[in-house]
Number of protein chains: 4
Amino acid sequence: MTETIKKVNKKEAILKAALQLFSQRSFYGTTMPDISTLADVGAGTIYRYFTSKEALVNALFFRIMTEFDQRLESDFPNGMDTRIQFHHLFQSLWGYVVDNTQAFVFINLHDEGKYLDERSHASFDKLWNFITTIIDKGQQRGDVVDLDPKSIVSLVYGPLIPISKLLINHKYTASKDFVYALEEATWRAVSSK
Amino acid sequence: MTETIKKVNKKEAILKAALQLFSQRSFYGTTMPDISTLADVGAGTIYRYFTSKEALVNALFFRIMTEFDQRLESDFPNGMDTRIQFHHLFQSLWGYVVDNTQAFVFINLHDEGKYLDERSHASFDKLWNFITTIIDKGQQRGDVVDLDPKSIVSLVYGPLIPISKLLINHKYTASKDFVYALEEATWRAVSSK
Amino acid sequence: MTETIKKVNKKEAILKAALQLFSQRSFYGTTMPDISTLADVGAGTIYRYFTSKEALVNALFFRIMTEFDQRLESDFPNGMDTRIQFHHLFQSLWGYVVDNTQAFVFINLHDEGKYLDERSHASFDKLWNFITTIIDKGQQRGDVVDLDPKSIVSLVYGPLIPISKLLINHKYTASKDFVYALEEATWRAVSSK
Amino acid sequence: MTETIKKVNKKEAILKAALQLFSQRSFYGTTMPDISTLADVGAGTIYRYFTSKEALVNALFFRIMTEFDQRLESDFPNGMDTRIQFHHLFQSLWGYVVDNTQAFVFINLHDEGKYLDERSHASFDKLWNFITTIIDKGQQRGDVVDLDPKSIVSLVYGPLIPISKLLINHKYTASKDFVYALEEATWRAVSSK
DNA sequence: TATGAATGAGTTTTCATTCAT
DNA sequence: GATGAATGAAAACTCATTCAT
């Protein structure tokens with residue numbers, strides 16, 4: 001029992017430390033001893049839970065993408081109005097970034113890393129595809145402007161990248177009202193009229 | 001003559017190789033031999049032109065930011081209508097990214113690096129401030145929506161980040177008409193009316 | 001226990017190897033791989049105990065000077081006759097050089113090195129000052145010839161430098177009687193009559 | 001003519017710069033670019049006069065030892081009284097060290113270097129043997145104390161080593177009277193009576 | 001199971017030497 | 001002859017990973 005809890009705690013401590021350091025210093029800029037020190041475990045202990053540094057980033061990346069995707073997909077108002085769906089999408093996207101800024105920074109710093117494996121790439125694509133599909137359907141209904149779907153996703157997702165950097169550096173705070181105003185602005189860009 | 005040309009060529013070859021590798025593999029993921037091999041110079045030669053690996057990224061970052069900023073600022077229609085100014089800004093931004101995709105990817109991968117020196121940071125801030133000022137003035141004239149200027153800059157600048165990754169991977173092509181349509185969409189997001 | 005012993009052994013093995021190589025080939029003429037090979041440890045292991053090559057010479061220099069100084073100062077016949085004090089000084093000086101010839105060669109090869117830190121310099125000065133003080137007091141008592149103290153110290157200490165080189169190369173052996181005869185000769189040089 | 005002078009000047013400039021740097025930083029601590037910069041010649045120019053760095057130290061060492069030896073041997077009062085001969089030896093030794101302190105420091109820092117060739121070693125031995133022979137003859141005449149000749153040479157030569165370091169650092173000045181007093185002290189050590 | 005000392009391959013950097021001008 | 005840019009072998013140092021405890 002205590003054993004299991006401890007085990008979980010160590011693994012979680014390692015993942016937490018890794019997230020913090022990878023998002024601040026990038027994959028190659030972070031050393032395994034850095035992680036073990038921050039996680040307060042022995043250097044060798046990391047290798048009990050992850051076979052290599054690459055395995056560690058991949059585990060982290062996959063977990064984060066999965067959580068992120070679940071946040072977007074859970075309670076998604078399927079079958080409802082495009083505007084309602086967009087509202088849900090936008091708010092869950094922003095909600096995730098505000099609550100998990102470090103994780104979002106981590107994603108955008110690492111999504112092109114050549115150390116990412118198939119599964120990690122797939123988890124990234126899954127989220128991206130989910131958003132694309134929503135946009136797609138909106139276009140089919142004639143509610144969303146007729147542009148390449150990837151561009152439209154970029155209009156929605158892209159602004160979060162510089163903003164997440166501002167949030168991390170505490171140069172920015174996102175109030176509820178603010179996010180609503182941004183949603184309106186983004187919807188103006190994206191809606192067919 | 002030949003002397004000077006050669007010298008310039010070596011330095012340029014090193015900068016070109018460094019840009020390519022840094023934008024693909026990041027700063028720490030790129031080794032000096034990687035660069036010297038791609039630039040087709042001896043490993044020691046890099047150190048004739050740059051005192052260290054850090055000095056090299058900084059020289060590259062500063063040069064790129066300066067060129068980028070000049071592109072935005074040159075021929076800027078000062079004193080003209082906000083819409084015209086926005087048009088110029090959007091088109092020069094996109095023009096730069098389309099023509100220098102690698103450089104743009106490089107910027108977004110490195111702008112938070114702790115190896116960047118004061119001058120590099122200042123060159124980044126200069127461009128960001130230039131855009132912010134344009135937005136600011138538009139707001140003062142009542143043409144731009146009343147939101148935190150940093151958010152508005154993010155709405156304009158942010159989408160280019162995922163798009164530049166798509167451009168690099170040839171998963172995307174930006175036609176003239178397309179960029180015009182995107183400008184319209186972005187203007188809808190940003191304009192107060 | 002075994003842990004501690006091993007640890008001590010590795011550090012000591014490194015210091016021993018460093019002493020041998022530095023005294024034979026000088027600081028810059030000795031490479032870290034040379035040292036690690038002779039000490040029979042991995043190249044990286046040296047850096048677990050010493051932060052840099054400079055830190056290693058300094059640790060070695062300080063340790064040697066401290067031991068040397070303790071040898072001279074321990075059991076020093078304070079308050080006794082100048083001749084007795086000179087006897088003690090001369091014998092402990094020679095005793096140290098005969099027993100630790102390599103260390104003495106090391107000292108004289110490195111005492112002017114610009115890689116030496118404050119502490120190392122201070123440890124060298126401490127020994128030199130100790131000898132100078134003895135000579136000084138002898139002069140005050142009128143037992144030692146009236147010459148600049150540094151010169152007198154040089155008359156006592158200087159001859160050991162070429163002799164230590166001869167000892168190292170086994171071109172010389174210092175018997176007890178021999179050292180007594182040299183003490184007599186040196187005393188004739190140094191005594192006021 | 002001018003050519004030849006220039007040539008001589010360049011070679012001399014190189015040797016002068018090498019002497020200064022080698023005596024301050026030792027052989028391995030000095031780089032060829034350091035020397036070429038101080039000599040105010042191109043890096044490649046050194047190789048017109050000396051085939052390698054080793055050849056350069058050896059040329060320098062040999063030249064210095066030869067000059068030093070000539071100073072000792074020239075006008076040596078052969079056939080005269082031991083005391084007179086000792087006077088000449090001591091004064092020419094000190095005269096050389098005072099006039100060429102850097103050269104003397106250079107000698108003592110490099111005489112054991114493994115980069116020295118046969119000729120350099122021989123030039124060092126020649127001087128040492130010259131002194132030894134004088135001592136030897138003095139012993140045969142019964143004027144010099146009966147000790148191993150190498151020890152006696154060390155008594156005469158050794159004190160100059162710490163003193164040359166003091167002279168270089170301007171912590172010491174050797175007046176005529178001073179050197180006479182030191183000669184007296186040294187003669188007391190060395191004379192059989 | 002957890003540790004962290006030890007390792008050596010790989011990284012950044014230096015420098016003796018060459019050679020085109 | 002003189003130069004100094006260019007080189008690459010070798011140096012100092014780092015760090016992912018292993019393994020004895």
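Per chain, numbering begins at 1; letters A, B, ... match sequence-line order.
- B:I46 has its CD1 atom 16 Å from the C1' atom of E:dC15, to the nearest Å.
- With DNA chain E read from its 5' end, the first of the two nearest nucleotides for B:Y47 and C:V41 is the one closest to C:V41.
- Taking 4.0 angstrom as the limit, A:K10 places a side-chain polar atom (N or O) nearer than this to OP1 or OP2 of E:dT3.
- Computed from coordinates, the D:E54 CD to E:dC15 C1' distance equals 15 Å when rounded to whole Å.
- Residue contacts shown for A:T45 include a base, since a base heavy atom lies under 4.0 Å away.
- Between the CE atom of B:M32 and the P atom of F:dT7 there is a distance of 14 Å, rounded to whole Å.
- Of all heavy-atom pairs spanning A:Y47 and A:M32, the tightest one is OH-CE, 3.4 Å.
- Along DNA chain E, the nucleotide nearest to B:A43 and the one nearest to C:A43 differ in position, and the one closer to the 5' end is contacted by C:A43.
- A sub-4.0 Å separation between OP1 or OP2 of F:dA2 and a side-chain N or O of D:Y49 is present.
- Of the side-chain N and O atoms in B:Y28, none sit less than 4.0 angstrom from OP1 or OP2 of E:dT11.
- As judged by a 4.0 angstrom heavy-atom cut-off over every strand, D:S52 is placed among residues touching the sugar-phosphate backbone only.
- If you take NZ of A:K53 and P of F:dT17, they are 8 Å apart, rounded to a whole angstrom.
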